[in-house]
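The structure under discussion appears below in the form of structure tokens.
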There are 2 protein chains.
Amino acid sequence: MTPDDMMPVAVDAETALAGAPPGHKDELRLWLRLLTCATLIEGEIRTRLRRDFDTTLPRFDLLAALDRAPAGLTLGDVSRRMMVSNGNVTGLATRLEAEGLVERRARLGDRRAQMLRLTAKGKREFARQSAAHEGWVAELLGGLEPADRAALFRLLGQAKGSVRAALSPEETP
Amino acid sequence: MTPDDMMPVAVDAETALAGAPPGHKDELRLWLRLLTCATLIEGEIRTRLRRDFDTTLPRFDLLAALDRAPAGLTLGDVSRRMMVSNGNVTGLATRLEAEGLVERRARLGDRRAQMLRLTAKGKREFARQSAAHEGWVAELLGGLEPADRAALFRLLGQAKGSVRAALSPEETP
DNA sequence: ACCCGATAGTTTAGGCTTCAAAGATTGGCG
DNA sequence: CGCCAATCTTTGAAGCCTAAACTATCGGGT
């Protein structure tokens, strides 16, 4: 319960020259802006998925994961790719199965796992949704200069690297 | 129900020279990377808020909004700032009130609205959480060169502008 | 052959989130 | 004054999400 010494935080190098209180305000502002962008886009996509296809983003994401893996995926695979919990996928898969978009089938030789695959209906449905989705994203980010878009893409890669690097030590003990 | 002509999508100008199928893949890749970054960071912050303070991100965000407005905010104000629905804030406020971090009080002259304010305990609690939070973000994004961080910040501003521009026409009829 | 740690999935409890509909109040207009 | 449209909040139904506990199965070492 000593809230002060839990914070490995890079209190080295450049902090010295920055002076003042720790002053990690820059990173914070960056994070808040990143979050705003993501929230804005995500919210709009959710709204349109509901409006035009009467579906949700998690459903769409699950279909997308399966679409990229014609041989099917286990629930665990899906959970890792979507970066969501196990139990979450169970429920999602159950609902999509009930709608006939996805099918569970046993995996030979391992009675623990089951493969999840798109049904024909699921493929058709996802193709429709996917085309619209791609258009929406292009519409929302179309205001960016191509050069800016490329630069942003690269810098986000850097950011991703920074986050993963900060995460991996404790994540894999 | 004609799913084909609902898609205002910029099918003009640069699409012509790009050739091929509509080919908005660039924007899509950019969006997916942006989303990955946000999800990664957000997930880590959620985990740590739970682990270290036994709280959640929405609670933290609500406290943060109130902390920036010493005079208090109506539930509606909070809802707009957090970009979440009205009903959502009701429940959030109720739980935080039960924990003694926030208080509802009637607004003079308008019995429909109520002001939400931090209690003394809420202020203390948020100060602790906020300091840790700032450190976490700095840790996660600390791997970025300061110049890259600045560039990223600027480009995200552009992206935000692009999204808002694409949104505002239909959002305000 | 048996046990035991690792892996796959489900369940449960609790919280977050949205949309839509309902309640409560206000302020203005005839 | 009385109505009514606009504003603020709450409620209810449904779905999403996590952590943690539980079940089932697998595979290897003794």
Side-chain angles (χ1 to χ4, degrees), chain A residues 38-39 42-63 72-99 101-102 104-116 171-173, chain B residues 38-40 42-63 65 72-99 101-102 104-116 173:
Chain A
T39 303
E42 195 174 321
E44 187 62 17
I45 291 177
R46 282 181 197 276
T47 299
R48 295 187 186 191
L49 279 174
R50 180 182 306 274
R51 184 194 63 191
D52 295 350
F53 299 105
D54 192 31
T55 188
T56 66
L57 189 49
R59 279 164 152 94
F60 176 80
D61 285 344
L62 177 29
L63 295 186
L73 295 172
T74 67
L75 297 201
D77 289 336
V78 172
S79 151
R80 275 181 293 278
R81 286 178 204 223
M82 292 179 65
M83 302 197 281
V84 299
S85 69
N86 256 350
N88 192 352
V89 176
T90 295
L92 225 31
T94 301
R95 282 185 291 272
L96 285 172
E97 195 178 21
E99 291 172 20
L101 300 177
V102 145
R104 277 178 164 100
R105 64 172 57 195
R107 186 164 70 173
L108 311 160
D110 189 344
R111 263 176 303 183
R112 290 169 304 177
Q114 35 191 315
M115 299 303 281
L116 223 49
E171 241 46 10
T172 36
Chain B
T39 303
L40 231 40
E42 195 174 321
E44 187 62 17
I45 291 177
R46 281 181 197 277
T47 299
R48 294 188 187 191
L49 279 174
R50 181 183 304 273
R51 184 193 64 190
D52 294 350
F53 298 106
D54 193 31
T55 188
T56 66
L57 189 49
R59 278 164 152 96
F60 175 79
D61 286 342
L62 177 30
L63 296 186
L73 295 172
T74 67
L75 296 202
D77 290 335
V78 173
S79 152
R80 275 180 293 277
R81 287 179 204 224
M82 291 179 66
M83 303 197 281
V84 299
S85 70
N86 258 347
N88 192 348
V89 176
T90 295
L92 225 31
T94 301
R95 283 186 291 271
L96 285 171
E97 195 178 20
E99 293 173 16
L101 300 177
V102 146
R104 276 177 166 100
R105 63 172 58 195
R107 186 163 72 172
L108 311 160
D110 189 345
R111 263 177 302 184
R112 290 170 304 180
Q114 35 192 314
M115 300 302 283
L116 224 48

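Values reported hereafter were calculated over all heavy atoms of this structure, with side chains retained and with hydrogens, waters and symmetry mates removed.
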Can you tell me the distance, in whole Å, between the CG atom of Leu62(A) and the P atom of dC16(D)?
10 Å
So, does Thr47(B) get its side chain near the phosphate of dT18(D), meaning an N or O under 4.0 Å from OP1 or OP2?
no
May I have the distance from Arg80(A) (atom CZ) to dG9(C) (atom P), rounded to whole angstrom?
8 Å
Polar side-chain contact Arg112(A)-dT7(C) base: donor and acceptor under 3.5 Å
yes
For Pro58(A) and Met82(A), work out which heavy atoms get closest and say how close.
O-CE, 3.7 Å
To the nearest Å, how far apart are Asp77(B) CG and dT7(D) C1'?
12 Å
By nearest nucleotide on DNA chain D, pick out whichever of Val84(A) and Thr74(B) is the more 5' one.
Thr74(B)
Between Arg111(A) and dC26(D), is there a contact of a side-chain N or O with OP1 or OP2 at under 4.0 Å?
yes
Hey, does the side chain of Thr94(B) reach the backbone of Thr90(B) with a donor-acceptor pair shorter than 3.5 angstrom?
yes
Which part of the nucleic acid does Arg46(A) contact within heavy-atom distance under 4.0 Å: base, sugar-phosphate only, or nothing?
nothing
Which is true for Gly76(A) with a 4.0 Å heavy-atom rule: it touches a base, it touches only sugar-phosphate, or it touches nothing?
sugar-phosphate
To the nearest Å, how far apart are Met83(A) CE and dC16(D) C1'?
16 Å
Calculate the interatomic distance between Arg107(A) atom CZ and dA24(D) atom C1'; express it in whole Å.
15 Å
What is the distance, rounded to the nearest whole Å, between atom CG of Leu75(B) and atom P of dT25(C)?
15 Å
With respect to the phosphate group of dC8(D), does any side-chain polar atom (N or O) of Arg104(B) fall under 4.0 Å of OP1 or OP2?
no
Could you state the atom-to-atom distance from CG of Leu49(B) to C1' of dA19(D) in whole Å?
15 Å
Using every non-hydrogen atom in the two residues, find where Leu62(A) and Ala93(A) come nearest and quote the distance to one decimal.
CD2-N, 4.2 Å
If you look at every strand shown and take non-hydrogen atoms under 4.0 Å, does Arg59(A) touch a base, only sugar-phosphate, or nothing?
sugar-phosphate
Think Asn88(B) has a side-chain N or O under 4.0 angstrom from the OP1 or OP2 of dT18(C)?
yes
Report the nucleotide, chosen from dT10(D), dG15(D), dC16(C), that has the shortest atom-to-atom distance to any side-chain atom of Leu92(B).
dC16(C)
Side-chain donor or acceptor of Thr74(A) paired with backbone N/O of Met115(A) under 3.5 Å
no
Under-4.0 Å salt bridge between Glu99(A) and Arg95(A):
no
So does Asn86(A) get a side-chain nitrogen or oxygen closer than 4.0 Å to the phosphate oxygens (OP1/OP2) of dG9(C)?
no
Could you check how far CZ of Phe53(A) sits from P of dG15(D), rounded to whole Å?
20 Å
With a 4.0 Å cutoff (strictly under), does any side-chain N or O of Thr90(A) reach OP1 or OP2 of dT11(C)?
no
